[in-house]
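Worksheet for the structure shown next.
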There are 2 protein chains.
Amino acid sequence: MTDFAPAGGDPAGRTLRLLELLAARPSWPAAELAARLEVSTRTVRRDVARLQSLGYAVESRPGPGGHYALRPGHRMPPLVFQDDEVVALVAALRMAEGILAGDAAHRALAKLSQVLPRRLRAVLDTAAAGSENAWGDRESVDPSTLAVLLRAAERDLVLRFGYRDRHGTFSRRRVEAVRCVYARGRWYVLAHDLDAGDWRVFRLDRVREPEAGEPGSGDRGRPAEDLAAWLATDFGRRPGG
Amino acid sequence: MTDFAPAGGDPAGRTLRLLELLAARPSWPAAELAARLEVSTRTVRRDVARLQSLGYAVESRPGPGGHYALRPGHRMPPLVFQDDEVVALVAALRMAEGILAGDAAHRALAKLSQVLPRRLRAVLDTAAAGSENAWGDRESVDPSTLAVLLRAAERDLVLRFGYRDRHGTFSRRRVEAVRCVYARGRWYVLAHDLDAGDWRVFRLDRVREPEAGEPGSGDRGRPAEDLAAWLATDFGRRPGG
DNA sequence: GCGGATGCGGCCGGATCCCGTCCGCGATTG
DNA sequence: CAATCGCGGACGGGATCCGGCCGCATCCGC
């Protein structure tokens, strides 16, 4: 006996089937979905809510002719990349995988390949199979950490985190982030240390549990007039205050 | 907005994530899947059975080295990007842009951003706006060069190219490419030099006008038994013959 | 060929949740 | 304005889920 009813009364399987249905047709009235899935419309509503909470953009329209539909962005049209764009993406992934913790980049590329036309998918697979990262023993950065810092940098948010400096000393920091910078094979965050009252550069692989807070003053100038030039030349001279 | 682990304890979401994991990597041992999904291996088995009963070709192998694998070529439900995946893509691009010539990676990301749902596009744009590459003065590699070498490496093709070694001497090479490797912030190609009759490592930024030709003998062994370990330790000791 | 690693699936029990029903609300259409 | 359709709260009985445990099958290395 197959432990699981033929996907009939099983919420997980049914939700997956609902997703497939939504992807297969532009729109569905609730009653029809309910009939297909052999549940009540109330349950369809619940399943739709579940999909939405998982990140799927399921839209609905009330009134006569009402329906559910998967927003077009999710039935991704086949992405027409140029060959060099695909190769660049694979190369970028390979360069990143020594530093980014976890396999988020891999998963992203796998999903991307799902929506590529066959020829481009072949290009992607070939490129991935012919390459390797041999720089993998570096301190790695968690993408979710990176996400918090990138967001804080873009919005000039006040940021709190724990930091272990090059001597192994642990401290808690309050800073206003300005920019996340990749340089010399590492990620750094350039920030104004609110406690030290001065500019600091922190290595991202030493940042622990960052939390973005309220917007900072934002208007405290920059460590140099020409930020780009400063980054290219002086960057990293004072790693981690 | 730290929506990284979508609905952890929910069977429907978990099954979907399982499908994504299976699609993202050739194979997984059950224990690893269980750890990722934060459930017991028993539950992983149940979820796999569910996917199979829904028609997804999940294969398994018992015994040492056992694993689960998704047979390719199967239609997949639309997969939605997670925040950390989008961030990883942006980060990878930033890391790559100091080395990849041209703007292929940027164009790819721009195209991608156009088909992303609004929220994810915001994540992508924020991440892109908050980051920078300050390692841009490196010798760069043309993605189309990379494409040729990656293809040659994957298929064991004979490769011809011009090469300018570290002394500035220019020569023409005939090699059988084995692997393109990113290490220490640079791209290299590991190859068997047909003229020198020995293994060589070439820096990709010194390769000019590569041309892939007929398949090579393919069967000439490897520079070391354990290629991965060799790459991680000895790699690059003989840069560019 | 033997032992260990790994996957398979049955079984159980308790905690969880799921689902159908009922209902009033809001949005849209004509 | 009235009908249609989606929305979501409340509720209670019952199905499901999950972890743990078992013995079994399969595959690999020794």
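Computation of the quantities below employed the complete heavy-atom set of this structure, encompassing side-chain atoms and omitting hydrogens, waters and symmetry-equivalent molecules. Letters go in sequence order (proteins before strands), and every chain restarts at 1.
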Collect all protein-nucleotide pairs involving nucleotides 12-14 of chain D in which both atoms are nitrogen or oxygen and the distance is under 3.5 Å.
none

Name the pairs: protein N/O against N/O of nucleotides 9-11 of chain D, kept only if under 3.5 Å.
residue	atom	partner	partner atom	Å
D/dG9	N7	A/R42	NH2	3.4
D/dG9	O6	A/R42	NE	3.1

Using the 3.5 Å cut-off, write out each protein N or O paired with an N or O of nucleotides 24-30 of chain D and the distance between them.
none

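A straight line from OH of B/Y68 to P of C/dT6 spans 12 Å, rounded to a whole angstrom. The CZ-P distance, from B/R50 to C/dG9, rounds to 14 Å in whole Å. In this entry the distance linking CG of B/L33 with C1' of C/dT6 reads 13 Å, nearest Å. In this structure, B/D47 places its CG atom 10 Å from C1' of D/dC18, rounding to the nearest Å. If you take CG of A/L37 and P of C/dC19, they are 11 Å apart, rounded to a whole angstrom. Between the CD atom of A/E38 and the P atom of C/dC19 there is a distance of 13 Å, given to the nearest Å. The CD-P distance, from B/E32 to C/dG7, rounds to 11 Å in whole Å. Atoms CG (B/D10) and C1' (D/dT16) sit 13 Å apart, rounded to a whole Å.
Looking only at distances, no side-chain donor or acceptor of B/K111 sits under 3.5 Å from a matching main-chain atom of A/L79. The backbone N or O of A/T126 lies less than 3.5 Å from no partner atom in the side chain of B/E154, so there is not a single donor-acceptor pair.
Atom CG of B/L100 and atom NE2 of B/H106 lie 9.5 Å apart (nearest 0.5 Å). The structure places CZ of A/R186 at 11.5 Å from OG of A/S140, a figure rounded to the nearest 0.5 Å. B/C180 SG to B/L149 CG: the interatomic distance, rounded to the nearest 0.5 Å, is 5.0 Å.
Residues satisfying the salt bridge (Lys or Arg N to Asp or Glu O under 4.0 Å) criterion with B/R151, sequence neighbours excluded, are absent altogether. Applying the salt bridge (Lys or Arg N to Asp or Glu O under 4.0 Å) rule to A/R119 yields the partners A/D83; only residues at least two apart in sequence or on another chain are considered. Annotation: salt bridge (Lys or Arg N to Asp or Glu O under 4.0 Å) contacts of B/R94 (sequence neighbours excluded): B/E97. Shown here are the side chain to side chain contact (heavy atoms under 4.5 Å, CB included) partners of B/D193, two or more places apart in sequence or in another chain: B/R173, B/V175, B/D195, B/A196, B/R200, B/F202. Considering only residues two or more places apart in sequence or on other chains, A/D205 meets the salt bridge (Lys or Arg N to Asp or Glu O under 4.0 Å) condition with A/R203. Legend: residues meeting side chain to side chain contact (heavy atoms under 4.5 Å, CB included) with A/H67, ordered by chain and number and at least two apart, are A/S27, A/R61, A/A69.
In terms of position on DNA chain D, the residue among A/G66 and B/S40 whose nearest nucleotide sits closer to the 5' end is A/G66. Of the two residues near DNA chain C, A/T43 and B/G65, the one whose nearest nucleotide lies more 5' is B/G65.
For the pair B/Y68 and B/A30, the tightest heavy-atom approach, listed with the atom from each and the gap, is CE1-CB, 3.5 Å.
Looking at heavy atoms from C-beta onward, B/D47 lies in side-chain contact with B/R14 at the 4.5 angstrom threshold.
Identified under the ring pair (Phe, Tyr, Trp, His ring centres under 6.0 Å) test for residues 11-65 of chain B, with sequence neighbours left out: B/Y56-B/H74.
Remark: nothing in residues 23-31 of chain B comes within less than 4.0 Å of DNA chain D through any heavy atom.
Electrostatic pairing of A/R36 and A/E20 does not count as a salt bridge here, judged by no charged N lying under 4.0 Å from a carboxylate O.
Ring geometry for B/W187 against B/Y182 counts as tilted: the plane angle lies between 30° and 60°, on a 0 to 90° scale.
The bend of the helix from C/dG1-D/dC30 to C/dG30-D/dC1, defined by the angle between the axes of its first five and last five pairs, stands at 70° to the nearest 10°.
Between C/dT6 and B/S60, no contact under 4.0 Å exists linking OP1 or OP2 to a side-chain N or O.
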